[in-house]
Amino acid sequence: MRRTVFNEDHEAFRETLRAFIEAEVVPVYDEWFAAGQAPREFYYKLGELGIFGINVPEEFGGAGLDSHKFEAVLYEETARAGVSFGGSGVHVLLALPYIKMLATDEQKKRYLPKFVTGEEMWAIAMTEPGTGSDLAGMKSTAKLSEDGTHYVLNGAKTFITGGVHADRVIVCARTAAPTAEDRRHGISLFAVDTKSEGYSIGRKLDKLGLRTSDTAELAFVDVKVPVEDLLGEENKGFSYLGHNLASERWGIAFGAYAQAKAAVRFAKQYVQERTVFGKPVAHFQNTKFELAACQAEVDAAEAVADRATEALDAGELTPAEAASAKLFCTEVAHRVIDRCLQLHGGYGYMNEYPIARLYADNRVNRIYGGTSEIMKTIIAKNMGL
């Protein structure tokens, strides 16, 4: 089936990106994997390539586009090569929408030029040690000083992707107590400079997958945040967080589909080269049937992912549709990658093979951005159940 989601510009970008990955990432990716993160200098290269500025207005140094399709190409190409761009994904997919939606003109002039070049890498800090999906239960606080010039931030966050290399972090904190009617009231968002006194990075977390993505614990002890770095209105942060969930879940869905597609590619190549009992593994009927079934699932996931992409670009992707796309694509990826690893036999369990890394990387897709169980709840509610 012919895809219609991409045009000539996207395909030209794909060629550039593929060449960049082969030259700048593949040769050193094993070093990144062993180190547990991509080097900070790599993000300057992404800035030079224009990756960070695609959806940033031209007046701030970006390309001025308003589309997620270039991000979609990036998901496909990194998965195809069996690599990632470290923790930089959160910089564009998660942080940028908040800046564009909430920042004042003055803030955009301060933030975006350095955002585009990679001079300032961004992350977002929502999750706390005692709160996961229940963001309304966060305990971090930001109290306005008596002279009204700054907030005093205290608390801790965990599972912060990009947290080691981040230069600014969008921190969610309580500026007021929850009310009896609305426990989500009182949360605000701040663009916190990581060089601030009292800001500290705790452990770089040792994850099952996504090994090249720096993920950290953060702590704030009397951190002074200028009032000029409040994003949006005070106490309305929870509504802002919900506004961008659809695009976040689209990113997870499309990334999962891309991983499943890559898994079939890896498995097909392996079974054609590997011989058993004097014949290529691809010769056996079971191999053909397994890969055929996987390909059918990938085709279905591609259709769902593409449809969600078109809806997102048109501003029409609803929370329930995003949840459905995430649930379907992540579950498909889980099944397909597992079956493709099985076709590798014992070698599929070795980290030197991309299928093994893909297997570990994929597992979190059904957890972060809202678990599969949460997605089912959202879908069921939309059905009137």
Side-chain angles (χ1 to χ4, degrees), residues 37-57 60-63 68 70-71 74 84-127 140 142 151 153 157-173 187-196 199-201 204-205 210 212-220 223 225-226 228-232 237 240-241 243-245 247-248 251-252 255 368-369:
Q37 62 186 35
R40 177 64 177 84
E41 298 74 27
F42 174 68
Y43 298 148
Y44 292 112
K45 294 182 179 181
L46 293 180
E48 292 173 4
L49 189 62
I51 296 294
F52 297 148
I54 293 172
N55 292 326
V56 173
F60 304 116
H68 288 79
F70 291 93
E71 293 172 50
L74 190 150
S84 80
F85 284 171
S88 65
V90 70
H91 182 69
V92 173
L93 181 63
L94 298 188
L96 182 57
Y98 288 103
I99 300 173
K100 291 175 66 176
M101 177 177 68
L102 302 175
T104 63
D105 289 342
E106 184 277 330
Q107 288 175 322
K108 289 177 181 177
K109 290 177 183 177
R110 282 194 291 126
Y111 300 152
L112 288 176
K114 293 180 180 180
F115 180 101
V116 169
T117 62
E119 186 177 348
E120 272 194 356
M121 293 300 297
W122 287 61
I124 185 165
M126 292 185 271
T127 305
S140 295
Y151 291 85
L153 175 66
K157 301 289 182 178
T158 192
F159 305 151
I160 309 307
T161 302
V164 174
H165 286 321
D167 301 288
R168 276 195 184 269
V169 177
I170 299 174
V171 177
C172 312
I187 294 172
S188 301
L189 308 184
F190 301 90
V192 180
D193 186 339
T194 62
K195 297 185 295 295
S196 302
Y199 180 105
S200 63
I201 301 171
K204 182 169 76 69
L205 298 173
L210 302 178
T212 62
S213 171
D214 55 303
T215 304
E217 296 174 330
L218 306 179
F220 322 111
V223 177
V225 182
E228 292 82 10
D229 286 328
L230 171 69
L231 284 175
Y240 299 146
L241 296 175
H243 184 82
N244 287 321
L245 280 175
S247 63
E248 178 183 352
I252 298 169
Y368 67 4

Closest contact, heavy atoms only, [X] versus [Y]:
| X | Y | answer |
| --- | --- | --- |
| I201 | A216 | CG2-CB, 3.9 Å |
| S188 | L230 | CB-CD1, 4.0 Å |
| S196 | V223 | CB-CG1, 3.7 Å |
| I187 | C172 | CG2-CB, 4.3 Å |
| P97 | V92 | CD-O, 3.4 Å |

Are any of the side-chain heavy atoms of [X] and [Y] separated by less than 4.5 Å?
| X | Y | answer |
| --- | --- | --- |
| Y111 | F60 | no |
| F190 | V192 | yes |
| V169 | T194 | yes |
| F220 | V225 | no |
| R40 | D167 | yes |
| H165 | S88 | no |
| F52 | T117 | no |
| L189 | V171 | no |

Exercise. Would Y98 and W122 count as a side chain to side chain contact (heavy atoms under 4.5 Å, CB included) if you check the C-alpha gap in whole Å, the side-chain angles of each, and the deciding distance to 0.1 Å?
Worked result: CA-CA 11 Å; Y98 288 103; W122 287 61; over 6 Å; no
Measuring from [X]:[atom1] to [Y]:[atom2], what's the distance to the nearest 0.5 Å?
| X | Y | atom1 | atom2 | result |
| --- | --- | --- | --- | --- |
| M126 | L94 | CE | CG | 6.5 Å |
| Q107 | L102 | CD | CG | 8.5 Å |
| L218 | K157 | CG | NZ | 9.5 Å |
| T127 | E217 | OG1 | CD | 12.0 Å |
| L93 | E71 | CG | CD | 5.5 Å |
| E119 | Y44 | CD | OH | 6.0 Å |

Problem set entry | Y199, OH: over 12 other non-hydrogen atoms inside 6.0 angstrom | yes
For this session: Kindly check if the number of other-residue, nucleotide or ligand heavy atoms within 6.0 Å of NZ (K109) is above 12?
Result: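 No, because the 6.0 Å sphere around NZ of K109 holds 12 heavy atoms or fewer from other groups.
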Exercise. Only one of V164, T158, L205, I160 forms a side-chain contact (heavy atoms from CB on, under 4.5 Å) with T215, so which one is it?
Worked result: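 Exactly one option meets the side-chain contact (heavy atoms from CB on, under 4.5 Å) with T215, and it is L205.
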Problem set entry | Side-chain donor/acceptor of K100 to backbone N/O of N55, under 3.5 Å | yes
Exercise. Is there a donor-acceptor contact under 3.5 Å from the side chain of Y43 to the main chain of G87?
Worked result: yes
Exercise. Given the rule in the side chain to side chain contact (heavy atoms under 4.5 Å, CB included) test, do L74 and F85 qualify, once you have shown the distances and angles that lead to the verdict?
Worked result: CA-CA 10 Å; L74 190 150; F85 284 171; 3.9 Å; yes
For this session: Verify the distance criterion only: is there a donor paired with an acceptor across the side chains of T212 and S84 at less than 3.5 Å?
Result: yes
Exercise. Under 4.0 Å between a Lys/Arg side-chain N and an Asp/Glu carboxylate O for D229 and R110?
Worked result: yes
Problem set entry | Distance flag, aromatic centroids of F115 and H91, threshold under 6.0 Å | yes
